[in-house]
Amino acid sequence: MSEDDQVGVPEPGASHSAEAPSLAHLKSATIREPGLDDRGSVFFAAIEMTRMPMILTDPRQPDNPIVFANRAFQDLTGYTQGELIGRNCRFLQGPETSRETVAELRQAVEERRAIATEILNYKRDGSAFWNGIFIGPVFDEAGEIVYFFASQLDVTRRRVSEQAFRQAQKMEAIGQLTAGLAHDFNNLLQVVSGNLELARNAVTSERAQRQLANAAGAAERGAKLTKQLLSFARKARLEPRSLNLNALVLAFAEVAESTLGSTVSVRLDLTPRLPAVTIDRTNLEMALLNVLINARDAMPAGGTVTLSTASVHLNGNGKSRGLPPGDYVALRVRDEGEGMPPHVAERATEPFFSTKAPGKGTGLGLAMAHGFVQQSRGRLEIDSRPSGGTTITMLFPAGPGAAAAEEPAERKAVLRRGDETVLVVEDSDDVRALAREYLESLGYQVLAARDGEEALDILERETGIDLLFSDIVMPGGVNGLILADRAKTMRPDLPVLLTTGYNEDLVADGPATPTMDVLGKPYRKAELADRIRAALDRGARPMPAPGEPHHG
C-alpha cells in the first residue's frame with residue numbers, strides 16, 4: 001500500500017511532533033492489490049485485533065455496500081459480519097439522525113473526498129450512540145476508486161457530558177437572570193401591595209373596595225409568580241422541617257382531587273415505614289400541585305394519576321444521577337397521558353417552555369419543582385414515552401429519626417403593636433416609606449437610612465434604637481448581612497430583622513448571627529407586625545440553627 005495526498009505536508013526542516021498528529025493523517029490512499037481475499041497478512045491481523053471499529057465499502061457496486069467490517073465494528077453496532085456485508089451504511093441511521101449530517105456525508109462520497117464528522121447512529125438493539133466517523137477514499141494505481149475506508153469512534157460519553165455542561169450553563173444563566181428580575185419585581189410588588197392595603201383601609205365605597213381587591217389579587221398572583229421564579233433559580237429561602245411524605249400525601253389528597261377535577265381519579269400507592277425527609281412543606285406542596293396540574297392537562301379525556309412513595313438506596317448509580325450515595329425517599333406522580341417526545345422532555349424543566357396553548361400555562365410549573373428539589377439536595381427525574389404516559393420522580397435525601405408532629409397554624413386576630421424605636425434600612429425610597437408608614441401606624445418610633453453606611457452612622461450616634469430592620473441586597477460596600485454583623489459588634493444585644501426578595505448567600509449559609517431573622521418580600525402589614533414584635537420580644541435570645549423552622 002502506498003501513500004499520497006497527506007492532509008498537511010510540513011515545510012522543509014519543520015519538526016513533526018506528536019503534538020500535531022494530523023500532519024501525518026491521510027485524506028486518501030492508493031493500493032496495488034484491491035482484492036480482499038488474502039486476509040493472512042499482518043495488516044489484516046492488526047485490523048481485526050484493533051479496538052478501533054473499521055469498515056470498507058465498495059462504491060463500484062450498486063448502493064456502495066459494506067464489503068468488510070472488523071470485529072470492533074461488530075462489537076460497536078451489535079451486528080454480525082453476515083448482517084453487515086452487502087448493506088449500505090444508512091441502516092445505522094434512525095429517527096434522530098441529523099439529515100444535514102447525512103447530506104454532508106453523501107456529498108463527500110459523491111465527490112470522492114475525505115470527511116470527518118459526528119453522527120447519531122443506532123445499534124442493533126435500537127439504542128442510539130454518537131459515532132465519530134472518518135471516511136476517506138481508496139484508489140488503485142490507475143486512479144480509479146475501489147473502496148471507501150471508514151473508521152469509527154463511540155463518542156457518546158463526551159457528547160452527553162458536553163450537552164449536560166451546556167445545559168447547566170444555560171440553566172445557571174437563566175437562573176441568575178430570573179432571580180435578579182424576581183428580586184426587583186418583589187420590591188415593586190411590595191410597594192403596590194402595601195399601598196393597596198393602605199388604600200383599602202382608607203376607603204368606604206363598595207365599588208372602590210371591589211376594585212382595590214381585584215388589584216390586590218393580581219399583586220398576590222404576581223408574588224406567587226416571583227416565588228416560582230426564585231424556586232427555579234434555587235434562591236428561595238426555605239424553612240425545612242422533618243416530614244413524613246406519606247402523611248403529607250394523605251393530607252394533600254383532597255386538594256389533589258379537587259384540582260384534577262371529576263374526569264381524573266387519584267390513586268395512592270404509599271410504601272409504609274418511610275424514613276423522614278427534611279424539606280420545606282409549603283414549597284413541596286406547590287411543586288406537587290404544579291406536577292399534578294401538568295398530569296391533568298396531559299389527559300384531556302380523563303384518566304388516573306398515581307401518587308406513590310418509595311425508599312430508594314443509591315450506591316454505585318448515585319454519581320450517574322448527580323447525587324451522592326445514600327438513602328433517599330422518592331415521591332412519584334404517574335399519569336396516563338400521551339407522554340412527551342424526547343426533545344420536549346429534554347426541555348421540560350426550562351422556565352417559560354410550554355407546549356400548552358397561549359394563556360393555558362406559564363411554563364414555570366416543572367421549572368419551579370425542579371429548582372425546589374435541587375435546592376433541597378435532591379433530584380427531579382422525568383420518564384416519558386410517547387403514548388406511554390409520564391412519571392415525574394422527586395428524590396429527597398432520607399433523614400435520621402422520625403418525622404416531627406404537625407403543629408397547628410396560629411391565627412392572630414389583632415395586629416401586634418409596640419412603642420420601641422426601629423431603624424429601617426432600605427435603598428428603595430418607596431419601600432422605605434411604606435415600611436415607615438406601617439411601623440408608625442403600629443405605634444413604633446422610626447429612624448430611616450438609605451444604605452448600610454448611613455445606618456452605621458445612625459447606630460453610632462443614636463443609643464435608643466431597639467431593633468434593626470434592614471434589606472439584605474443594597475448598593476455599596478455594606479449590604480444587610482455586613483451591616484448586621486457590624487451592628488452586633490457595636491451592640492451585641494441589638495435584635496435584627498432582615499428582609500429580602502432573595503439572597504443566595506443567606507439561602508446557602510443561613511443567618512450570620514444568632515439574633516437575626518428574615519422576612520421575605522412582599523410582606524403584609526400583619527406579617528411585619530408579627531415579625532417585628534417577635535424579634536423585639538426575643539431580643540438577644542438564640543435563634544434556631546439554619547435549616548430549622550422560625551416561629552413568631
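All values reported here derive from a predicted model rather than from experimental measurement.
Distance check, rounded to the nearest 0.5 Å: CZ of F68 to CG of D58 gives 14.0 Å. Rounded to the nearest 0.5 angstrom, L323 CG and Q374 CD are separated by 9.5 Å. The CG atom of L274 lies 12.5 Å from the CG atom of L243; values are rounded to the nearest 0.5 Å. One finds the CZ atom of R159 at 11.0 Å from the CG atom of N131 (value rounded to the nearest 0.5 Å). Between atom CZ of residue F396 and atom CG of residue D327 there is a gap of 16.0 Å, rounded to the nearest 0.5 Å. Atoms CH2 and CD, on W130 and E162 in that order, are 10.5 Å from each other to the nearest 0.5 Å.
Judged by a 6.0 Å distance limit and a 45° cone about the ring axis, R112 is not positioned over the six-membered ring of F148.
Other residues, nucleotides and ligands contribute only 12 or fewer heavy atoms inside 6.0 Å of the CZ atom of R51. Crowding of R296 atom CZ: a count of heavy atoms from other residues, nucleotides or ligands under 6.0 Å exceeding 12.
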Decide side-chain contact (heavy atoms from CB on, under 4.5 Å) for E83 and Q74; before the verdict, give the C-alpha distance in whole Å, the side-chain angles of both, and the deciding distance to 0.1 Å.
CA-CA 10 Å; E83 293 170 323; Q74 297 171 49; over 6 Å; no
Evaluate the side chain to side chain donor-acceptor pair (under 3.5 Å) criterion for residues D269 and T306: first the C-alpha distance (whole Å), next the side-chain angles of each, then the deciding distance (0.1 Å), finally the verdict.
CA-CA 7 Å; D269 183 11; T306 302; over 6 Å; no
Check step by step if side-chain contact (heavy atoms from CB on, under 4.5 Å) holds for V305 and R267.
CA-CA 6 Å; V305 171; R267 178 175 175 268; over 6 Å; no
Decide yes or no on side-chain contact (heavy atoms from CB on, under 4.5 Å) for V473 and N479, but give the supporting numbers first.
CA-CA 6 Å; V473 181; N479 62 23; over 6 Å; no
Decide side-chain contact (heavy atoms from CB on, under 4.5 Å) for L153 and R158; before the verdict, give the C-alpha distance in whole Å, the side-chain angles of both, and the deciding distance to 0.1 Å.
CA-CA 11 Å; L153 183 63; R158 175 179 60 78; over 6 Å; no
After noting the C-alpha distance and the side-chain angles of F91 and Y79, does the key distance pass the ring-ring contact (aromatic ring centres under 6.0 Å, His included) rule?
CA-CA 11 Å; F91 77 95; Y79 290 95; 5.0 Å; yes
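Nearest heavy atom pair, residue S242 against residue A276, reads OG-CB, 3.4 Å. In plain terms, the two heavy atoms of S384 and T390 that are nearest each other are OG-OG1, 2.7 Å. Of all heavy-atom pairs between R113 and P137, the closest is C-CD, 3.9 Å. The heavy-atom pair separating A330 from V312 by the smallest distance is CB-CG2, 3.8 Å. Y122 and G94 get closest at one heavy-atom pair: CE1-CA, 3.2 Å. Residues A69 and L84 share a closest heavy-atom pair of CB-CD1, 3.7 Å.
P53 is not listed as a side-chain neighbour of D75, based on a closest heavy-atom distance of 4.5 Å or more. Contact annotation: the side chain of Q61 approaches that of V67 to within less than 4.5 Å [non-hydrogen atoms, C-beta and beyond]. The shortest distance between side-chain heavy atoms of Q152 and I55 falls below 4.5 Å. Using a 4.5 Å heavy-atom cutoff, the side chains of M394 and L245 are not in contact. Two residues are said to be in side-chain contact when any heavy atoms from C-beta on lie closer than 4.5 Å; V146 and R60 meet this criterion. Using a 4.5 Å cut-off on side-chain heavy atoms (C-beta onward), I382 and M340 make contact. Side-chain atoms of E381 and R332, non-hydrogen and from C-beta on, never get closer than 4.5 Å to each other. Counting heavy atoms from C-beta on, the side chains of L307 and F252 never come closer than 4.5 Å.
Of the listed residues (V373, L289, I279), just one forms a side-chain contact (heavy atoms from CB on, under 4.5 Å) with L284, and that residue is I279.
Looking at S127, its side chain never comes within 3.5 Å of a backbone N or O of K123 through a donor-acceptor pair. Side chain of N246 to main chain of T271: a donor-acceptor pair is present (N/O by atom type, distance under 3.5 Å, no hydrogens or angles). The closest donor-acceptor contact from the side chain of T97 to the backbone of L120 lies under 3.5 Å. For E48 (side chain) and R71 (main-chain N/O), a donor-acceptor pair under 3.5 Å exists by modelled atom type. Between the T50 side chain and the M52 main chain, a donor and an acceptor come within less than 3.5 Å of each other.
Between the side chains of T57 and N64, at least one donor N or O lies within less than 3.5 Å of an accepting N or O. Side-chain N/O atoms of S265 and T304 include a donor and acceptor closer than 3.5 Å.
Ion pair R90/D63 flagged as a salt bridge, since at least one NZ, NE, NH1 or NH2 atom sits closer than 4.0 Å to an Asp/Glu carboxylate oxygen. Salt-bridge formation is detected for the pair R281/E285: a Lys NZ or Arg NE/NH1/NH2 atom is positioned less than 4.0 Å from an Asp or Glu carboxylate oxygen.
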